[in-house]
There are 2 protein chains.
Amino acid sequence: MDKQQVLTILKDRGYKFTPQRREIIEKLVKGGEPLSVKELLEQLRDKFPELSPDTVYRTLKVLCNLGIVCTIGHQGKKTTRYKISVGLHHHHLVCISCGRSFCMAYCPMEGIARTLAQQANFKVVEHAFEILGYCSDCRVN
Amino acid sequence: MDKQQVLTILKDRGYKFTPQRREIIEKLVKGGEPLSVKELLEQLRDKFPELSPDTVYRTLKVLCNLGIVCTIGHQGKKTTRYKISVGLHHHHLVCISCGRSFCMAYCPMEGIARTLAQQANFKVVEHAFEILGYCSDCRVN
DNA sequence: ACCCTAATTAAGATTATTCTTATTTAATAA
DNA sequence: TTATTAAATAAGAATAATCTTAATTAGGGT
């Protein structure tokens, strides 16, 4: 997903283009390691010395809701990080030693959520799933 | 799980009994709706006017790690809540309208985590899973 | 080009949670 | 009972994230 694609999606949904938003998207589409809000702020400080954290959080929330970025580390173990989503809905394996994250090959929830929810007559809106442990580099044995 | 059982587990693991800890456990074993840290503090204010939030958070963390209490609302949607664990490891359906939570009948992760992790040569330590949506009372249709 | 309006912004307050530090205390051994 | 020590505590600082408010601005229509 490149910058143009993201901007097109935003436009279609009626969001405005602001310089701040453009730059945040710019940083994210570059890829690489998932970024924290703090890191994004640091990277954007020269261009927007008064960029407020709230603007970054708000923009990220919009992008999350549109499925453009995904979130890693909800679990409160470390600071939440964000990265451009690689298309399909998916979850992460998060290493509690080095902090790196790895995409799961597939999302095991689709059928399961339906089944579990049916039992409780519960209308599923979203689900959160994350596995924490040690990655191949960090595992001891 | 009653208070004695909890205290026995703590004793076995070498934790100390403090009046604060006893009271926090007392409130939790009563059952009922899952409690937030704020609610716990309010309920304990008359007995311990200077109880610090940190003490509550610390005690809850210990109890979580021992599997004695479980955590609801990790997802950052609302304040995290805690309740005595009903034995087996499990997850929750959380209503985004009324905020109530419901236990899932089983944990769908056991086999899945193993499979997913194997593919990545990842050693699983724990996982987080939560379904958000509307409960039977709150769903519109 | 100019105006209008709803969306977006910065700033700062607020809340939830964790961390640091110095003090207190529970459990254990003498 | 007293002394010892490791664990637990309160207080307050620090961090992450959200909310409130008033000012600014992008985009659409004139």
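Sequence lines set the chain letters: A, B, ... in the order given, protein chains first and strands last, and positions in each chain run from 1.
A heavy atom lying under 4.0 Å from DNA chain C marks the following residues of residues 31-52 of chain A, by number: A:Glu50, A:Leu51, A:Ser52. Within residues 55-63 of chain B, the residues that have a heavy atom under 4.0 Å from DNA chain C are, in order of number, B:Tyr57, B:Lys61.
Rounded to the nearest 0.5 Å, atoms NZ (A:Lys83) and CG (A:Leu60) are 13.5 Å apart. Atom CG of residue B:Leu51 and atom CG of residue B:Leu44 lie 6.0 Å apart, to the nearest 0.5 angstrom. Once rounded to the nearest 0.5 Å, the distance linking CZ of B:Arg22 with CG of B:Leu7 reads 6.0 Å. Rounding to the nearest 0.5 Å gives a distance of 10.0 Å between CD of B:Glu126 and SG of B:Cys64. The CZ atom of B:Arg100 sits 6.0 Å away from atom SG of B:Cys138, with the distance rounded to the nearest 0.5 Å.
Between the side chains of B:Arg58 and B:Thr55, a donor-acceptor pair is found at a separation under 3.5 Å. No hydrogens or angles considered: a donor-acceptor pair under 3.5 Å links the side chains of B:His91 and B:His127.
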Tell me, for nucleotides 22-30 of chain C in 5' to 3' order, what letter each nucleotide earns: B for a base near a protein heavy atom under 4.0 Å, S for only sugar-phosphate near one, - for neither? ----BS---

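A salt bridge does not link B:Lys27 to B:Glu39: none of the charged side-chain nitrogens sits closer than 4.0 Å to a carboxylate oxygen.
A side-chain contact (heavy atoms from CB on, under 4.5 Å) with A:Ile25 is found for one member of A:Leu10, A:Asp2, A:Val69 and no other, namely A:Leu10.
The shortest non-hydrogen separation linking B:Ser36 to B:Arg81 is N-NH1, 3.6 Å.
Closest to the A:Asp54 side chain, of the nucleotides C:dG12, D:dA8, D:dA17, is C:dG12.
One atom, CD of B:Gln20, and another, P of D:dT9, lie 5 Å apart when rounded to the nearest Å. Atom CZ in B:Arg13 sits about 18 Å away from atom C1' in D:dA6, given to the nearest Å. Distance A:Leu10 CG to D:dG27 C1': 14 Å, rounded to the nearest Å. The interatomic distance linking B:Ile25 (CD1) with D:dA8 (P) rounds to 11 Å, in whole Å.
Within a 6.0 Å sphere centred on NZ of A:Lys3, heavy atoms belonging to other residues, nucleotides or ligands number more than 12.
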